Amino acid sequence: MARKLYSDAASALDGVLFDGMMICAGGFGLCGIPERLIDAIRDAGTKDLTIASNNAGIDGEGLGKLLRTRQVKKMISSYVGENKEFERQYLSGELEVEFCPQGTLAERCRAGGAGIPGFYTKTGVGTQVAEGKEVKTFDGEDYILERGIRADLAIIKGWKADEAGNLIFRKTARNFNQPMATAGKVCVAEVEEVVPVGSLDPDQIHLPGIYVNRLIVGSPYDKKIEFRTVRERVAA
């Protein structure tokens with residue numbers, strides 16, 4: 001079995017990064033994001049990146065770190081409303097953005113990972129999302145053609161993995177990590193814990209190890225919250 005476990009994020013990305021590459025990044029907001037791998041990409045200085053991700057984190061956190069250092073050329077995203085630097089770069093023309101409906105983005109990555117070059121969907125028909133795309137009619141209804149996404153690299157965050165790369169996600173962190181993992185020609189995962197092969201219940205595996213090329217333990221993690229909302233204290 002090929003060695004998959006690396007000592008840190010920098011060594012796991014060694015020989016993988018290059019300027020102008022496309023990256024699929026898992027996570028939703030600040031939940032389930034590959035923090036250690038993002039930091040390593042920032043430190044490596046890899047630039048002109050195209051990144052497919054549900055969003056771009058927030059200012060100074062998650063993919064927001066790569067925006068701050070001007071390493072990102074283009075974002076393919078569905079939700080970008082919490083990142084002021086993203087907004088500034090987009091409105092000033094410094095950052096190219098391809099907006100993509102959330103479900104469509106997930107399916108584009110899943111399709112790319114499954115070897116499907118494109119698919120038809122009703123989502124976006126008659127809106128700006130459909131501009132420049134092929135429209136085809138099925139059973140009297142219009143559908144637009146969306147291309148599958150295939151990236152040079154996928155970076156994901158999991159909960160627990162074995163040494164063969166079989167991986168389990170925990171709750172909401174499962175989000176985009178699973179389809180992003182399959183869409184990368186190379187997938188590098190960071191997890192909270194690595195256990196010996198045979199320790200995980202095969203029926204509980206969310207991502208088979210065949211999709212994971214390299215693996216690191218990234219713990220401990222701080223549980224960051226984008227917006228903390230609490231109930232106002234009621235006077236006694």
Side-chain angles (χ1 to χ4, degrees), residues 2-28 30 32-77 80 83 85-86 89 94-98 100 105 108-109 112-113 147-158 161 163-165 167 173 175-192 194 207 209-219 221:
R3 169 179 169 266
K4 293 188 177 182
L5 185 58
Y6 286 71
S7 59
D8 55 40
S11 60
L13 292 172
D14 184 40
V16 175
L17 301 176
F18 59 90
D19 292 347
M21 72 186 307
M22 181 173 181
I23 298 175
C24 278
F28 189 99
L30 297 182
I33 60 173
E35 300 176 42
R36 308 293 179 250
L37 295 169
I38 290 171
D39 286 347
I41 293 171
R42 177 200 59 196
D43 295 344
T46 313
K47 60 182 185 299
D48 295 329
L49 300 172
T50 295
I51 300 180
S53 173
N54 177 65
N55 58 9
I58 61 176
D59 294 290
E61 295 290 348
L63 292 173
K65 294 180 179 180
L66 300 182
L67 288 172
R68 185 171 56 187
T69 53
R70 307 294 195 277
Q71 290 172 253
V72 183
K73 178 181 69 175
K74 178 180 179 180
M75 288 293 305
I76 304 174
S77 300
V80 296
N83 194 314
E85 180 61 17
F86 186 113
Q89 289 187 28
E94 299 173 39
L95 177 69
E96 184 180 351
V97 178
E98 180 181 336
C100 183
L105 178 60
R108 288 180 67 186
C109 293
R147 295 295 306 272
I149 290 176
R150 190 70 173 148
D152 300 298
L153 170 66
I155 54 173
I156 65 167
K157 161 76 187 311
E163 294 166 334
L167 195 149
N175 52 59
F176 274 85
N177 279 297
Q178 190 172 26
M180 294 300 189
T182 66
K185 296 175 184 176
V186 175
C187 175
V188 182
E190 62 179 81
V191 296
E192 298 183 30
V194 173
L207 182 69
I210 192 170
Y211 290 109
V212 178
N213 301 97
R214 300 182 180 187
L215 182 68
I216 66 163
V217 176
S219 57
Y221 291 94

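Small disclaimer: the values here were computed from a predicted structure and weren't measured. Heavy-atom basis, side chains included; hydrogens, waters and symmetry copies ignored.
Heavy-atom contacts from other residues, nucleotides or ligands closer than 6.0 Å to CZ of Arg70 number more than 12.
Looking only at distances, no side-chain donor or acceptor of Asp152 sits under 3.5 Å from a matching main-chain atom of Met21. A donor-acceptor pair is defined here as one N or O able to donate and one able to accept, closer than 3.5 Å; such a pair exists between the side chain of Lys4 and the backbone of Val212. No donor-acceptor pair under 3.5 Å is formed between the side chain of Gln71 and the backbone N or O of Leu66. Ser53 contributes a side-chain N or O that, together with a main-chain N or O of Asn55, makes up a donor-acceptor pair within less than 3.5 Å. With Asn177 contributing its side chain and Gly32 its backbone, the two residues share a donor-acceptor pair below 3.5 Å. Side-chain N or O atoms of Arg108 include one that pairs as donor or acceptor with a backbone N or O of Arg147 at under 3.5 Å. Using modelled atom types, one side-chain atom of Gln89 and one backbone atom of Leu67 make a donor-acceptor pair closer than 3.5 Å.
Looking at every heavy atom in both residues, Leu30 comes nearest to Gly62 through CD2-N, 4.5 Å. Of all non-hydrogen atoms in Gly64 and Asn83, the two that sit nearest each other are CA-ND2, 3.8 Å. Closest of all the heavy-atom pairs between Phe28 and Asn175 is CB-ND2, 3.6 Å.
A search for salt bridge (Lys or Arg N to Asp or Glu O under 4.0 Å) contacts involving Asp59 returns nothing, not counting sequence neighbours. Remark: Asn213 engages Val186, Cys187 in a side-chain contact (heavy atoms from CB on, under 4.5 Å) (not counting sequence neighbours). Residues satisfying the side-chain contact (heavy atoms from CB on, under 4.5 Å) test with Ala9, not counting sequence neighbours, are Arg36, Leu37, Ala40, Ile216.
A 4.5 Å side-chain heavy-atom check between Leu167 and Val191 finds at least one atom pair inside the cut-off. The shortest side-chain heavy-atom distance between Asp19 and Thr46 falls under the 4.5 Å cut-off. Side chains of Leu5 and Arg3 form no contact here, defined as non-hydrogen atoms less than 4.5 Å apart.
The existence of a salt bridge linking Glu192 and Lys157 is confirmed by a sub-4.0 Å separation between a basic side-chain nitrogen and an acidic carboxylate oxygen.
Separation of atoms CD1 (Ile38) and CD1 (Ile33) is listed at 5.0 Å; rounding is to 0.5 Å. Going from atom NZ of Lys73 over to atom CG of Asp48 covers 6.0 Å, rounded to the nearest 0.5 Å. Atom CZ of Arg42 is separated from atom CG of Leu63 by 12.0 Å, given to the nearest 0.5 angstrom. A distance of 13.5 Å separates CE in Met180 from CG in Leu207, rounded to the nearest 0.5 Å. To the nearest 0.5 Å, the span separating CG on Leu153 from CG on Leu17 amounts to 6.5 Å. Here Glu98 contributes atom CD and Met75 contributes atom CE; the two are 11.0 Å apart, rounded to the nearest 0.5 Å.
Under the 3.5 Å distance criterion, with hydrogens and angles disregarded, a donor-acceptor pair is assigned to the side chains of Asp8 and Ser11.
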Legend entry - side chain to side chain contact (heavy atoms under 4.5 Å, CB included) assessment of Ile149 paired with Met22: CA-CA 10 Å; Ile149 290 176; Met22 181 173 181; 3.4 Å; yes

